[in-house]
2 protein chains.
Amino acid sequence: MSGYTRDVTQLPVVDQPPPLSGALLEHLARRIRLRAEAVLAPLGLRPRHLVALTVLRVHGECSQQALSATLAMDGTNIVGLLNELETGELIERRRSPQDRRRHIVEITDTGRALLAKAEFALAAAEDEVLGALDRNQRETLNALLQQATAGELLVFTETGGA
Amino acid sequence: MSGYTRDVTQLPVVDQPPPLSGALLEHLARRIRLRAEAVLAPLGLRPRHLVALTVLRVHGECSQQALSATLAMDGTNIVGLLNELETGELIERRRSPQDRRRHIVEITDTGRALLAKAEFALAAAEDEVLGALDRNQRETLNALLQQATAGELLVFTETGGA
DNA sequence: ATGGATCGTTTGTGTAAGGCAAACGATTTA
DNA sequence: TAAATCGTTTGCCTTACACAAACGATCCAT
């Protein structure tokens, strides 16, 4: 599965490094996050909340530890994060009927509404940072990110949690 | 300039939020960063170094405070970051002839080499996270990020630093 | 039924990133 | 000559996390 043979059908030109996105991803994320903080504060949100809500909107409901894996964040910290979101009734924790130890986490309508509101408010900030991209390109970018994000959960859906 | 009228030539369908990338950007960046740390450690690098080097490769040489602005990081912290990079001879600080208070920061050949080496090492980690994107999409993604990143510096190039 | 695993939770500790402020030497500019 | 600027050093503070240990509730296997 991990034996992903990179496309070396031709000769390795000059041993050129593959197109790498991580650093740029991080760089742009930071620039946006800094501006986002100021915009989100009045809404009682911080960047981490935005990320969690966004992920919860993409995926449907999910167990708390699945969320922990998806956000790549320690389980103990997820508790606190969800507490904050639950206080604002942005997410809902309910017991799983199948396994009553589990919490089923889901974004609420209030959560969706606030998320949408936040997104409107953030548009300007993003425009500022992603100014070099035109509308089309930004949509392409977003589609790619969305697809990449949605892809993760397949792993956990397939595996089920083994 | 900031009066960017979003394309509302038609009726605002249902007041749908604009395509937002910030949260997803941050989410994916985090997932990659965590895996990257392990890969970079043996090279004596941390994610922040990778970001700095990558940015320095995209832009050419630049003053230290321009870098501070580009990385959106406090000037005092830039000093330490550059010190670490300079110790490894990955970047070079030299005095500007025009204004000898200024430091001209530039990535060295050693820096480029190590950066390339790191990128090779990181490919697997990215493959893992961006697995839902095919080769073409990943190239598109990278091109967009590159373009967005390169765009920032225009601001400072134009303004000159006023 | 009993014992061992599992899920979420609490608490507590540690670390790394980074902001912010003050003061300094070297330099430029007015 | 005086004031502003660039990088630098020092010191303090906050935030986001990871990690470990212990707990109650629950599931599961024997």
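Letters go in sequence order (proteins before strands), and every chain restarts at 1.
Residues B:E92 and B:E86 have side chains not in contact (no heavy-atom distance under 4.5 Å, counting atoms from C-beta outward). With a 4.5 Å cut-off on side-chain heavy atoms, A:V58 and A:Q146 count as touching. At least one side-chain heavy atom of A:L130 sits less than 4.5 Å from a side-chain heavy atom of A:L141.
Residue pairs meeting the salt bridge (charged side-chain N to carboxylate O under 4.0 Å, His left out) criterion with at least one partner in residues 40-51 of chain B, sequence neighbours excluded, are B:R46-B:E84, B:R48-B:E84. Within the structure, side-chain hydrogen bond (donor to acceptor under 3.5 Å, both in side chains) contacts touching residues 33-42 of chain B (residues at least two apart or in different chains) are A:E26-B:R33, B:R35-B:E128.
Contact detail for B:L145 and A:L28: the closest heavy-atom pair is CD2-CD1, 3.7 Å.
Looking at A:T108, its side chain does come within 3.5 Å of a backbone N or O of A:E89 through a donor-acceptor pair.
With rounding to whole Å, B:Q98 atom CD is found 11 Å from C:dT29 atom P. Across the protein-nucleic acid pair, B:Q64 atom CD and C:dA26 atom P stand 17 Å apart, rounded to whole Å. For the pair B:E26 CD and C:dA17 C1', the interatomic distance rounds to 13 Å; values are reported in whole Å. Between the CZ atom of B:R33 and the P atom of C:dA17 there is a distance of 10 Å, rounded to whole Å. For the pair A:R30 CZ and D:dA16 P, the computed distance is 13 Å after rounding to whole Å. Following rounding to the nearest Å, B:I91 (CD1) and D:dG7 (P) show an atom-to-atom distance of 12 Å.
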Kindly list each side-chain donor-acceptor pair under 3.5 angstrom involving residues 115-122 of chain B, sequence neighbours excluded, with atom names and distances?
| from | atom 1 | to | atom 2 | distance (Å) |
| --- | --- | --- | --- | --- |
| B:E119 | OE1 | B:R57 | NH1 | 3.3 |
| B:E119 | OE2 | B:R57 | NH2 | 2.7 |

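Proximity of residues 44-53 of chain A to DNA chain D (heavy atom under 4.0 angstrom from any strand atom) is restricted to A:R46, A:R48. Residues of residues 71-88 of chain A that place a heavy atom closer than 4.0 Å to DNA chain D, in numerical order, are A:A72, A:M73, A:D74, A:T76, A:N77.
Of the side-chain N and O atoms in B:Q65, one or more sit less than 4.0 angstrom from OP1 or OP2 of D:dG7. OP1 or OP2 of C:dC7 has not a single side-chain nitrogen or oxygen of A:R93 nearer than 4.0 Å.
Residue order along DNA chain C, read from the 5' end via each residue's closest nucleotide, puts A:H103 first among A:L34 and A:H103. Nearest-nucleotide positions on DNA chain C place A:S63 closer to the 5' end than the other of B:S96 and A:S63.
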* **Residues B:E61, B:R94; criterion salt bridge (charged side-chain N to carboxylate O under 4.0 Å, His left out); working and verdict** => CA-CA 10 Å; B:E61 48 181 45; B:R94 58 173 189 279; 2.5 Å; yes
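The structure places CD1 of B:I78 at 7.5 Å from CD of B:Q64, a figure rounded to the nearest 0.5 Å. For the atom pair CG of A:L85 and OG1 of A:T110, the computed distance is 12.0 Å after rounding to the nearest 0.5 Å.
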Find every protein N or O atom lying less than 3.5 Å from an N or O atom of nucleotides 22-26 of chain D, and list the pairs.
| from | atom 1 | to | atom 2 | distance (Å) |
| --- | --- | --- | --- | --- |
| D:dT26 | OP1 | A:R100 | NH2 | 3.3 |

